[in-house]
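Worksheet: one structure, shown below.
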Amino acid sequence: MERRLKEILEEVRREGGRVTALTGAGISAESGIPTFRGSEGYWVVGSRHYVPQEMATLAMFRRAPEEVWRWYLYRFGVCARAEPNAGHRALAALDHALGERFHLVTQNIDGLHLRAGATPSRTSHIHGDAGQVRCAEACFPGTLSMPDIGVRDAKAPLSAREVELLSCPRCGSWLRPHVLWFDEYYDEEHYRMQTALRAAASANLLLVVGTSGATNLPMQIGELALGRGIALVDVNPEDNPFSAMCQESPRGFFARGRATERLPELVKVLLEGP
Ligand code: NAD
Ligand code: ZN
């Protein structure tokens, strides 16, 4: 590991500092879940190709709920078949070792952090969770477990049974995926916005993994860390806005590389020293 990176991590370890991790689609890429920049996110409706930024919207759901649901059922199926990797496991080990000094803010809806052993109360899903649904008309607060639809042909229309399973048991409207859409806003109730910001405001180290910084709250968390001058490490094979922040910060380091190779060694130094 690079000398400067070791020094930064060693300092956090000696101080008994708080660590906030911020993860994006990149940490799950090696579990076989495509990032939004991969071509698998695309979807064809009629003869038109849609990108995730068009599919993952409330506007699209209002216009074509069955299409949007088919896309999510396909993506949820990919998540359900994936297994956590060494990156998820390294962060879960950090969570267990640091206890209340650790918090995970994830943009991923795939559930792999929890399946790797992350503590639910210390995990903020700021973009929602594939395992949950809620009433599209918000006739009740909170969420329900995602109905078990099983393996389905992605191109097949929804069956009557599937439509029934995806209907609100209280008011009969559509249930919706419990995910934050591109034309919606962060909040505390569903997406733990304040909790995530608090975790960033009290951290001694922000560890960013596999995110391109395309959305607002993660960028805000990065800026907050940069402004506070805390230790800042970014794990990503490619340049991105967080790697630029790391290069700007005196206590920052851009750990270029894949999550599965970088995170286990990083966590080892944070827990055991050099
Ligand atoms: P993104 O798709 O915009 O960017 C992914 C980032 O991961 C890129 O910077 C890429 O260089 C990096 N990356 C690729 N392989 C990596 C690896 N092996 N190790 C470390 N980094 C790697 O992802 P984003 O910033 O999370 O934003 C996309 C949005 O899409 C988010 O809102 C997220 O909720 C959603 N999304 C979630 C999933 C999931 O749940 N797994 C998958 C796709 C998209
Ligand atoms: Zn309802």
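Order of listing sets the numbers, starting from 1, for every ligand and every atom in it. Throughout, numbering of the chain's residues begins at 1 and tracks the sequence. Computed from a prediction, not measured in an experiment: that's the story for all the values here.
In summary, the aromatic rings of Phe102 and His96 are positioned with their centroids too far apart to meet the 6.0 Å limit.
Rounding to 10°, one obtains 110° for the angle at the Zn ion (ligand 2) between SG (Cys135) and SG (Cys171).
Here is the list of ligand 1 atoms found below 4.0 Å of a heavy atom in Pro34: 42 (C), 43 (C). Of all atoms in ligand 1, listed by their number and element, those nearer than 4.0 Å to a heavy atom of Ser212 are 1 (P), 3 (O), 4 (O), 6 (C), 9 (O), 25 (O). Interface of Glu30 with ligand 1, defined as ligand atoms under 4.0 Å from a residue heavy atom, comprises 17 (C), 18 (N), 19 (N). Close approach of ligand 1 to Arg258 is summarised as follows: ligand atoms under 4.0 Å from at least one heavy atom of the residue are 18 (N), 19 (N). Less than 4.0 angstrom separates some heavy atom of His127 from each of these atoms of ligand 1: 31 (C), 32 (O), 33 (C), 34 (O). When each atom of ligand 1 is checked for a heavy atom of Gly24 under 4.0 Å away, the hits are 26 (O).
Salt bridge absent: Asp234 and Arg256 never bring a charged side-chain N and a carboxylate O closer than 4.0 Å. No salt bridge links Glu272 with Arg13; every basic N to acidic carboxylate O contact stays at or beyond 4.0 Å.
Sparse packing is recorded around CG of Asp148, with 12 or fewer heavy atoms of other residues, nucleotides or ligands lying under 6.0 Å away.
Scanning Thr106, Thr215, Asn108 for the heavy atom closest to atom 37 (C) of ligand 1 points to Asn108. Of the candidates Ser243, Gly26, Gly87, the one placing a heavy atom closest to atom 17 (C) of ligand 1 is Gly26. Evaluated by nearest non-hydrogen atom to atom 6 (C) of ligand 1, the leading choice among Ala25, Gly210, Gly128, Gly111 is Gly210.
Two residues are said to be in side-chain contact when any heavy atoms from C-beta on lie closer than 4.5 Å; Glu66 and Trp71 fail this criterion.
Proximity of Ile27 to ligand 1 is not established, as no heavy-atom distance is less than 4.0 Å. Distances shorter than 4.0 angstrom occur between a heavy atom of Ile109 and an atom of ligand 1. At least one heavy atom of Ile33 lies less than 4.0 angstrom from ligand 1. The shortest heavy-atom distance from Pro237 to ligand 1 is under 4.0 Å.
Remark: the backbone N or O of Thr119 is paired with a side-chain donor or acceptor of Thr123 at under 3.5 angstrom.
For Arg176 and Trp181, the positive end sits near the middle of the six-membered ring, less than 6.0 Å away and at most 45° from its axis.
Using a 30° and 60° split on the angle between ring planes, Phe61 and Trp174 fall in the perpendicular class, above 60°.
Here Cys79 has no heavy atoms under 4.0 Å from ligand 1, in either its backbone or its side chain. Heavy atoms of Gln107 found under 4.0 angstrom from ligand 1 belong to the backbone as well as the side chain. Contact annotation for Ala259 and ligand 1: heavy atoms of both the backbone and the side chain come within less than 4.0 Å of the ligand.
The two atoms that bring Cys135 and Cys139 nearest to each other are SG-N, 3.5 Å, heavy atoms only.
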Exercise for the section: Check step by step if ring-ring contact (aromatic ring centres under 6.0 Å, His included) holds for His178 and Tyr191. Expected result: CA-CA 9 Å; His178 178 52; Tyr191 304 112; 5.5 Å; yes
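Note: an N/O pair closer than 3.5 Å links Phe36 and ligand 1 by distance alone.
Taken to the nearest 0.5 Å, the CG atom of Leu165 stands 9.5 Å off from the CG atom of Leu175.
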